[in-house]
Amino acid sequence: MLFRLRYLQHDFELSLGRFIIGRSTECQLSLDDPLVSRKHALLVVTEAAVEVEDLGSRNGVLVNGVRIERPTRLTEGAKITIGSQDLFLSAQPATRRPVIAGIPPSSRVGTETVTSMQPVRSDGSPVTPSDGPPSERNVTSKRDAFRLLGGVADKALALGRAEEAERLLSTLLDHVMQLVKQGAEDPATLEQAGRYGARLAAATTKPKWVDYVIELHAIAGRPCAGTTIDELHIALRKVKGVNITALKAYVQMMKDKSPEFGPAERFLVKRAEGLERLVTS
């Protein structure tokens, strides 16, 4: 069988394996909901069935409105309630299954693939490699999270559903900020966070997202990527109440650090100066 999980009007194709749903961005599907525990529920997907298990969450897991006390096999059309979020299971015959932890083929239009991006223990807790510092493992999980949620958020933004995209991404962006504050700088993750923060600013017209992007890069001590600057140019024409003092301080910091940068980064600093001119003109 081919199983899909429907959430926020998006269909996630389920790969064979086990994955966690919860509030933590370490989960394969992260739900930004205060009623959801960090590691709330475990889904086990086999060729023939999907089972859901409560991982000792505070508010429990409901299947078709009934709280479950043990691993429960889901039927076609089952509604799984986690916190205040409803997810729906669908199933259809399939001649083949997606590869575990693989990348969805481009022919799967309109469907994301939820994969077992990391193995889990019998209690549902992730198994992380023993080698490498925790900060590196956390950065890897953020890349995985962007890979999963980014496509869904992009579709929501394209459809004008700014609040939905913000709900999907806000917890993940907060976690990236914490990683950068801990010195776990990863250029790819930094660029993703900056770009999505700027896109949320333009979509929601909330100044906090512009301020987020500026603070993130100021702490990292890095110029914003070109794609982020492009998005900020769009956002700053719509958003009022941006922290101009912080923006000016960041641009000055980048100008002071310019001698340390290569030609490409110095060009980005010049483009950042244009952001300052945009908000002060």
Side-chain angles (χ1 to χ4, degrees), residues 1-33 36-37 39-57 59-127 141 144-156 159 164 168:
M1 297 292 289
L2 179 63
F3 297 102
R4 288 191 174 95
L5 198 63
R6 188 164 183 79
Y7 173 60
L8 291 179
Q9 300 182 6
H10 296 283
D11 289 329
F12 296 89
E13 188 170 305
L14 301 178
S15 293
L16 302 177
R18 301 153 63 89
F19 66 93
I20 302 172
I21 301 173
R23 197 175 71 253
S24 171
T25 54
E26 295 176 5
C27 297
Q28 278 72 34
L29 182 56
S30 178
L31 306 178
D32 184 18
D33 182 331
V36 175
S37 299
K39 294 182 177 62
H40 197 112
L42 172 69
L43 284 187
V44 180
V45 184
T46 66
E47 290 278 1
V50 178
E51 283 192 351
V52 63
E53 179 182 350
D54 184 4
L55 296 178
S57 63
N59 294 306
V61 175
L62 280 65
V63 174
N64 296 325
V66 179
R67 183 164 181 163
I68 63 173
E69 303 296 336
R70 59 183 60 85
T72 300
R73 184 166 177 164
L74 299 172
T75 58
E76 161 71 19
K79 180 174 76 171
I80 310 103
T81 303
I82 297 176
S84 61
Q85 311 301 310
D86 291 331
L87 305 94
F88 299 87
L89 182 76
S90 65
Q92 65 184 61
T95 56
R96 65 179 182 85
R97 294 290 305 172
V99 177
I100 297 177
I103 297 175
S106 59
S107 59
R108 294 179 191 149
V109 178
T111 302
E112 305 297 327
T113 297
V114 175
T115 62
S116 297
M117 292 186 289
Q118 56 187 357
V120 293
R121 302 185 181 95
S122 59
D123 65 355
S125 59
V127 176
S141 74
D144 289 336
F146 273 124
R147 195 156 49 234
L148 174 61
L149 295 179
V152 184
D154 285 336
K155 291 175 183 177
L159 293 170
E164 181 178 322
L168 284 165

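Note that the coordinates shown come from a computational prediction; the quantities given were computed from them, not determined experimentally. Computation of the quantities below employed the complete heavy-atom set of this structure, encompassing side-chain atoms and omitting hydrogens, waters and symmetry-equivalent molecules.
The structure places OG of Ser15 at 9.5 Å from CG of Leu2, a figure rounded to the nearest 0.5 Å. To the nearest 0.5 Å, atoms CD (Glu76) and CE (Met1) are separated by 7.0 Å. Rounding to the nearest 0.5 angstrom, the gap separating the OG atom in Ser37 from the CG atom in Asn59 is 6.5 Å. In this structure, CG on Leu74 lies 10.5 Å from CG on Leu87, to the nearest 0.5 angstrom. A distance of 5.0 Å separates CG of Leu16 from CD of Glu47, quoted to the nearest 0.5 Å. Taken from CG in Leu14 to CZ in Arg4, the straight-line distance is 9.5 Å, to the nearest 0.5 Å.
Side-chain atoms of Asp86 do not come within 3.5 Å of backbone N or O of Thr81 as any donor-acceptor pair. A donor-acceptor contact shorter than 3.5 Å links the side chain of Thr72 to the backbone of Arg70. The closest donor-acceptor contact from the side chain of Asp54 to the backbone of Ala41 lies at 3.5 Å or more, if one exists at all. Of the possible polar contacts, one joining the Ser57 side chain to the Gly60 backbone as a donor-acceptor pair under 3.5 Å is found.
Sparse packing is recorded around CZ of Arg73, with 12 or fewer heavy atoms of other residues, nucleotides or ligands lying under 6.0 Å away.
Between Glu69 and Arg67, the closest side-chain pair of non-hydrogen atoms falls below 4.5 Å. Side-chain contact check for Val52 versus Leu42: every heavy-atom pair is 4.5 Å or farther apart. Contact of the Leu31 side chain with the Tyr7 side chain is registered, since non-hydrogen atoms from C-beta on lie closer than 4.5 Å. Under the 4.5 Å side-chain criterion, counting only non-hydrogen atoms from C-beta, Leu62 is not in contact with Ile80. Looking only at side-chain heavy atoms (C-beta outward), Ile21 and Cys27 stay at 4.5 Å or farther from each other. At a threshold of 4.5 Å between non-hydrogen side-chain atoms, the residues Val61 and His40 count as touching. Using a 4.5 Å heavy-atom threshold, the side chains of Lys39 and Arg23 count as separate. A 4.5 Å side-chain heavy-atom check between Phe88 and Leu5 finds every atom pair outside the cut-off.
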TODO: Show the numbers, then the answer: is there a side chain to side chain contact (heavy atoms under 4.5 Å, CB included) between Val50 and Val44?
DONE: CA-CA 6 Å; Val50 178; Val44 180; over 6 Å; no

